[in-house]
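Single-structure report; data block below.
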Amino acid sequence: MPELPEVEVVRRGLDRWVSGRVIASVSTLHPRAIRRHAAGADDFAARLTGAEIAAARRRGKYLWLPLADGELAVLAHLGMSGQLLIQPAAAPDERHLRIRITFTDPAEGELRFVDQRTFGGLSLHPLTDGGLPEVIAHIARDPMDAEFDEDAFHAALRRRRTTVKRALLDQSLISGVGNIYADEALWRTRLHYERPTASLTRPRTAELVTHIREVMNEALAQGGTSFDSLYVNVNGESGYFDRSLDAYGREDEPCRRCGTPIRRRPWMNRSSYYCPRCQRPPAAGS
DNA sequence: TATCCGACCTGTTGGC
DNA sequence: TGCCAACAGGTCGGAT
């Protein structure tokens, strides 16, 4: 499940293999893979054909390929199971191949968007003055962004009447964090997922942000987290960070700090993993 | 206005 | 062996 580190691995791969190349054709094999493009897949392809791709960029879990004209960008979200792969043209089609983009230098391979669950997709958008696609203007800066404002994040947490894990998954407050890294950062910070954000002190917020950055940097160094081959880099290779997780996916296994079995609790149609001893639930009514 | 929650989607797993 | 329910979860938009 691609979160920030996995998307960053893909962005780096695209930057290496796609930047500077000129699109020769775009084939859409599944209409759902083209998002928010009312004019349809043919128009999407026509607008991209002949365009040169500039350096790949990312905010949170979104990544985009600006076109060299400086006005438009191809925005990508991998959803749950999306993959952007560089493949030789002769390679057999993947079972869930959704979009194929070829280039004027075919020997360098083609770009394929493969997505089993079709939660992800590509779209085409004008860029704002800041170089951001307009439709993701509401997405907050991520904690790896040099301009991430920790004071503003803390103030926003204090204003909200919600709980800390909900806030971490709210991409308008902090972007790039998904279920896996939220559980990992909360475990490292010894915070229960239902702690009200209004009760967090400034030092606790700082600690939380530090742990988010730490766990993301460690994951990035290992190529990301892959559970079931649904996440791979542009060369189809899995990451190894799943072997280093402390909470997520470790139900009934001993906490690496205190030995207490990790618990899994249903939470918002997904799961939360936590140590019941290190991460005490908030007192009722707090 | 802020917050919550169901729908979308398909492959895998486990229970019967 | 086969069927079915549960599960995985990021984002959007409607409901409260």
Side-chain angles (χ1 to χ4, degrees), chain A residues 1-8 10-11 28-38 58-64 75-84 94-99 113-123 125 133-140 142-143 155-186 193-199 212 216 219 224-232 238 241-242 245 247-252 262-274:
Chain A
M1 297 122 217
E3 299 181 33
L4 187 151
E6 292 74 39
V7 177
E8 175 60 17
V10 172
R11 187 201 67 78
T28 303
L29 290 85
H30 192 300
R32 215 177 117 82
I34 303 286
R35 298 302 175 98
R36 314 186 226 203
H37 199 83
R58 180 189 59 72
R59 174 175 285 193
K61 301 171 204 168
Y62 284 92
L63 61 85
W64 64 97
L75 180 68
H77 196 289
L78 303 179
M80 288 288 297
S81 54
Q83 303 175 347
L84 283 162
E94 291 74 11
R95 183 173 174 190
H96 301 290
L97 176 61
R98 310 301 190 193
I99 299 172
F113 180 67
V114 176
D115 191 7
Q116 177 196 99
R117 297 178 195 168
T118 63
F119 274 35
L122 305 186
S123 50
H125 303 282
E134 283 175 351
V135 292
I136 61 164
H138 66 289
I139 300 291
D142 61 64
L157 289 180
R158 297 282 303 191
R159 275 197 304 272
R160 287 286 178 113
R161 284 190 299 274
T162 188
T163 51
V164 64
K165 187 169 170 181
R166 281 180 190 275
L168 290 181
L169 298 187
D170 184 338
Q171 306 295 301
S172 67
L173 285 179
I174 182 171
S175 68
V177 183
N179 203 40
I180 297 175
Y181 295 114
D183 279 0
E184 290 301 302
L186 290 169
Y193 58 93
E194 287 189 325
R195 167 71 79 88
T197 55
S199 74
I212 294 170
M216 286 183 166
T225 301
S226 308
F227 281 102
D228 46 15
S229 302
L230 283 185
Y231 158 71
V232 294
S238 295
F241 192 69
D242 55 305
L245 295 172
Y248 185 88
R250 296 191 67 241
E251 185 178 19
D252 294 334
I262 296 289
R263 282 191 191 156
R264 180 178 75 89
R265 287 285 176 269
W267 181 84
M268 279 179 70
N269 290 326
R270 38 189 60 101
S271 294
S272 273
Y273 295 86
Y274 70 106

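By convention in this document, chain letters (A, B, ...) are assigned in the order of the sequence lines, proteins followed by strands, and residues within each chain are numbered from 1.
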Check the distance between [N]'s [atom2] and [X]'s [atom1] and give it to me in whole angstrom.
| X | N | atom1 | atom2 | result |
| --- | --- | --- | --- | --- |
| E6(A) | dG10(C) | CD | P | 10 Å |
| R98(A) | dC9(B) | CZ | P | 11 Å |
| Q116(A) | dG10(C) | CD | C1' | 15 Å |
| D170(A) | dC5(B) | CG | P | 14 Å |
| M268(A) | dC7(C) | CE | P | 16 Å |

Using a heavy-atom cut-off of under 4.0 Å over every strand shown, decide if D115(A) touches base, sugar-phosphate, or nothing.
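No contact at all - D115(A) keeps every heavy atom at 4.0 Å or more from the nucleic acid.
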Between H77(A) and Y62(A), how do the two ring planes meet: parallel, tilted or perpendicular, split at 30° and 60°?
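Plane angle over 60°, so perpendicular.
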Between N or O atoms, less than 3.5 Å apart, protein on one side and nucleotides 1-3 of chain B on the other: list the pairs.
from	atom 1	to	atom 2	distance (Å)
dT3(B)	OP1	R161(A)	N	2.8
dT3(B)	OP2	R160(A)	NE	2.8
dT3(B)	OP2	R160(A)	NH1	3.3

Does I136(A) reach the side chain of W64(A), with side-chain heavy atoms less than 4.5 Å apart?
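The answer is yes, as the side chains (C-beta and beyond) meet within the 4.5 Å cut-off.
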Can you give each donor-acceptor pair under 3.5 Å made by side-chain atoms of residues 156-164 of chain A, sequence neighbours left out, with the distance rounded to 0.1 Å?
from	atom 1	to	atom 2	distance (Å)
R158(A)	NH1	A198(A)	O	2.9
R158(A)	NH1	L200(A)	O	2.8
R160(A)	NH1	D170(A)	OD2	3.1

Check against side chain to side chain donor-acceptor pair (under 3.5 Å), S123(A) and H125(A)
CA-CA 7 Å; S123(A) 50; H125(A) 303 282; 2.7 Å; yes
Do the side-chain N and O atoms of Y181(A) and E6(A) include a donor-acceptor pair separated by under 3.5 angstrom?
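Yes, because at least one side-chain N or O of Y181(A) sits under 3.5 Å from a partner of the opposite role on E6(A).
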Given protein heavy atoms under 4.0 Å, the one-letter contact record of nucleotides 11-16 of chain C, with B base, S sugar-phosphate only and - none, is simply SS----
